[in-house]
Amino acid sequence: MRDLQEIRQDIDRVDGDLVKLFQERMELCREVAEYKIDAKKRVLDPKREAEKLEKVMALADSEFNRQCVGELFTQLIAMSRKMQYKMLAEHGLSSGFGFSEVKELKRDGIVVVYQGVEGAYSHQAMLQYFGDKTENFHVKTFRDAMEAIRDGKADYAVLPIENSSAGSVYDVYDLLLEFDNCIVAESFVKVEHALLGLKDATLNDITTVHSHPQGLMQCSRFLEQHREWQSISELNTAGSARKVLEAGDKSHAAIASELAGELYGLKVLEKGIHYNKENTTRFLIISKEKIYTEQAKKVSISFELPHTSGTLYNMISHFIFNHLNMTKIESRPIEGRNWEYRFIIDVEGRICDAEMENALLGIEGEAKSFRILGNY
């Protein structure tokens with residue numbers, strides 16, 4: 001048996017040869033890229049890649065080595081594509097994906113739409129981002145808000161996308177994929193629930209509590225202390241407050257924000273009844289314009305993958321190769337196609353950055369469908 005140190009020296013020698021051959025291969029790939037740029041040919045050539053993999057795998061002397069060679073050359077080919085996409089970006093062939101940079105979002109003479117009613121957290125998010133002087137109106141559903149943007153009835157929509165306790169709002173994700181509207185900003189609202197009742201009510205009077213299901217869930221520990229109370233689910237928290245006011249029954253209370261209490265003339269019977277004191281909802285500011293501001297620092301994209309092994313890894317590898325930080329990934333089922341999904345990814349950066357352009361060009365070239373949802 002040979003000495004371990006001697007074996008390692010031979011491995012180092014082979015690794016050195018591999019590096020030299022790899023650099024020689026990448027130089028040849030660079031020549032291929034230059035040819036494709038001049039000839040306006042696509043970077044991705046699935047037929048050629050499949051033939052290449054089959055050919056090199058056939059050179060292996062065992063089934064195990066055949067599989068390893070396939071994985072090795074899959075990565076080599078992927079690295080070649082990444083270099084080609086980088087060269088495309090350097091030649092200015094990405095065109096900014098149809099987005100334009102603006103100094104800041106327009107604030108004067110605008111109309112903003114939000115889902116829910118006055119006093120809802122969406123209303124609070126609108127006030128927090130745009131102020132109380134902006135013309136605004138509310139609609140019943142998320143779809144109504146997206147249609148108002150599409151039809152030019154509003155310049156911006158404010159919609160919730162995720163809560164730190166309850167998770168993502170999948171209905172809004174689905175609408176982002178359906179409509180050609182664009183995320184232009186985001187706003188974070190701390191969720192602080194209070195128990196609201198009529199002016200002459202006390203805690204001892206309460207027998208029934210109304211709120212959105214998430215409001216009830218987020219205050220479950222408080223409600224467990226009053227198990228004799230009946231909990232009733234409503235469409236939203238602020239609507240619950242309005243319902244209590246209209247009912248005029250001091251045995252009924254609502255779980256909603258203190259803002260909702262002020263708007264509907266209710267008394268705060270107990271404040272801060274949510275158990276997660278850091279509970280926060282992220283809201284999206286949506287427009288039909290494909291714009292991003294100087295302060296934009298996050299890109300959201302969606303794409304659909306070929307239904308084959310390793311394709312999701314190949315997509316994510318574009319971010320790794322370009323040193324970009326992916327902060328979130330979601331999947332949504334594709335209607336009419338069981339067990340197939342579209343992915344939504346958030347990644348730090350700006351569309352105009354060279355590294356981002358390189359990554360997005362790569363994903364656009366390899367995905368079955370691809371769309372930038374916004375840079376904000």
Side-chain angles (χ1 to χ4, degrees), residues 10-60 65-99 299 301 303-306 308-326 343 345 347-372 375:
D10 282 345
I11 289 175
D12 289 343
R13 175 182 53 79
V14 172
D15 287 346
D17 292 341
L18 285 173
V19 170
K20 290 177 184 176
L21 290 171
F22 171 76
Q23 293 183 149
E24 182 180 347
R25 189 183 198 282
M26 291 302 285
E27 178 59 26
L28 293 170
C29 291
R30 186 189 62 76
E31 293 182 28
V32 170
E34 289 176 345
Y35 176 85
K36 286 184 177 180
I37 289 170
D38 288 341
K40 294 182 173 53
K41 291 175 65 71
R42 284 172 54 88
V43 169
L44 181 64
D45 187 345
K47 184 173 182 294
R48 161 67 180 166
E49 290 185 8
E51 291 172 350
K52 181 66 178 178
L53 283 175
E54 189 61 37
K55 184 176 181 180
V56 294
M57 289 169 69
L59 299 174
N65 283 349
R66 174 183 168 84
Q67 183 176 342
C68 292
V69 166
E71 186 171 338
L72 171 64
F73 273 82
T74 295
Q75 296 307 313
L76 285 173
I77 292 169
M79 283 183 273
S80 169
R81 285 199 306 269
K82 290 178 176 68
M83 183 185 67
Q84 292 179 57
Y85 292 128
K86 184 173 184 295
M87 291 177 66
L88 282 173
E90 290 170 350
H91 280 73
L93 299 178
S94 59
S95 73
F97 301 98
F99 280 74
V299 175
I301 66 171
F303 55 81
E304 180 185 337
L305 297 174
T308 55
S309 174
T311 51
L312 179 57
Y313 169 80
N314 290 339
M315 295 298 172
I316 294 174
S317 70
H318 287 285
F319 299 129
I320 300 170
F321 182 82
N322 287 285
H323 310 291
L324 297 172
N325 183 35
M326 189 177 75
F343 291 88
I345 285 179
V347 59
E348 293 177 349
R350 287 159 52 82
I351 291 175
C352 57
D353 295 340
E355 295 82 4
M356 183 66 73
E357 281 190 304
N358 187 14
L360 297 182
L361 275 172
I363 294 171
E364 181 183 42
E366 297 169 26
K368 288 177 69 176
S369 68
F370 168 80
R371 187 169 148 223
I372 298 174
N375 187 191

Just how far is it from atom [atom1] of [X] to atom [atom2] of [Y], taken to the nearest 0.5 Å?
{"X": "R25", "Y": "L18", "atom1": "CZ", "atom2": "CG", "value": "12.5 Å"}
{"X": "S80", "Y": "R30", "atom1": "OG", "atom2": "CZ", "value": "12.0 Å"}
{"X": "C29", "Y": "E34", "atom1": "SG", "atom2": "CD", "value": "12.0 Å"}
{"X": "D12", "Y": "D17", "atom1": "CG", "atom2": "CG", "value": "11.0 Å"}
{"X": "N314", "Y": "T74", "atom1": "CG", "atom2": "OG1", "value": "7.5 Å"}
{"X": "K55", "Y": "L59", "atom1": "NZ", "atom2": "CG", "value": "8.0 Å"}

Flag side-chain contact, heavy atom, 4.5 Å: [X] against [Y]:
{"X": "L53", "Y": "V69", "result": "no"}
{"X": "K86", "Y": "E355", "result": "no"}
{"X": "Y85", "Y": "H318", "result": "yes"}
{"X": "K36", "Y": "R42", "result": "no"}
{"X": "L76", "Y": "L72", "result": "yes"}
{"X": "F343", "Y": "E304", "result": "no"}
{"X": "E49", "Y": "R81", "result": "yes"}
{"X": "L305", "Y": "K368", "result": "no"}

query: What pair of heavy atoms forms the shortest contact from E357 to F97, and how long is it?
result: O-CZ, 4.2 Å

Donor-acceptor pair, [X] side chain versus [Y] backbone, under 3.5 Å?
{"X": "R371", "Y": "I301", "answer": "no"}
{"X": "N375", "Y": "C352", "answer": "no"}
{"X": "N65", "Y": "A60", "answer": "no"}
{"X": "N322", "Y": "F319", "answer": "no"}

From CA spacing to verdict: side-chain contact (heavy atoms from CB on, under 4.5 Å), L88, H91: CA-CA 5 Å; L88 282 173; H91 280 73; 5.8 Å; no

task: Please test E54 against R66 for salt bridge (charged side-chain N to carboxylate O under 4.0 Å, His left out), starting from the C-alpha separation and ending with a verdict.
output: CA-CA 10 Å; E54 189 61 37; R66 174 183 168 84; 3.2 Å; yes

task: Starting from the C-alpha separation in whole Å, work towards a yes-or-no answer on side-chain contact (heavy atoms from CB on, under 4.5 Å) for V299 and M356.
output: CA-CA 9 Å; V299 175; M356 183 66 73; 3.8 Å; yes

- prompt: Would the number of heavy atoms belonging to other residues, nucleotides or ligands and lying under 6.0 Å from CD of E71 be above 12?
  reply: no

message: Would you say that more than 12 heavy atoms from the other residues, nucleotides or ligands in this model lie under 6.0 Å from the CD of E90, or not?
response: yes

F303 and its side chain to side chain contact (heavy atoms under 4.5 Å, CB included) partner, picked from T311, I363, L360, I372: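 Result: among T311, I363, L360, I372, I363 is the only option passing the side chain to side chain contact (heavy atoms under 4.5 Å, CB included) with F303.
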
- request: Kindly determine whether E51 and R48 satisfy salt bridge (charged side-chain N to carboxylate O under 4.0 Å, His left out), including the steps that lead there.
  value: CA-CA 5 Å; E51 291 172 350; R48 161 67 180 166; 5.4 Å; no

message: Under the criterion side-chain contact (heavy atoms from CB on, under 4.5 Å), I'd like the reasoning laid out for I345 against M326: C-alpha separation, chi angles, the key distance, then a yes or no.
response: CA-CA 7 Å; I345 285 179; M326 189 177 75; 3.5 Å; yes

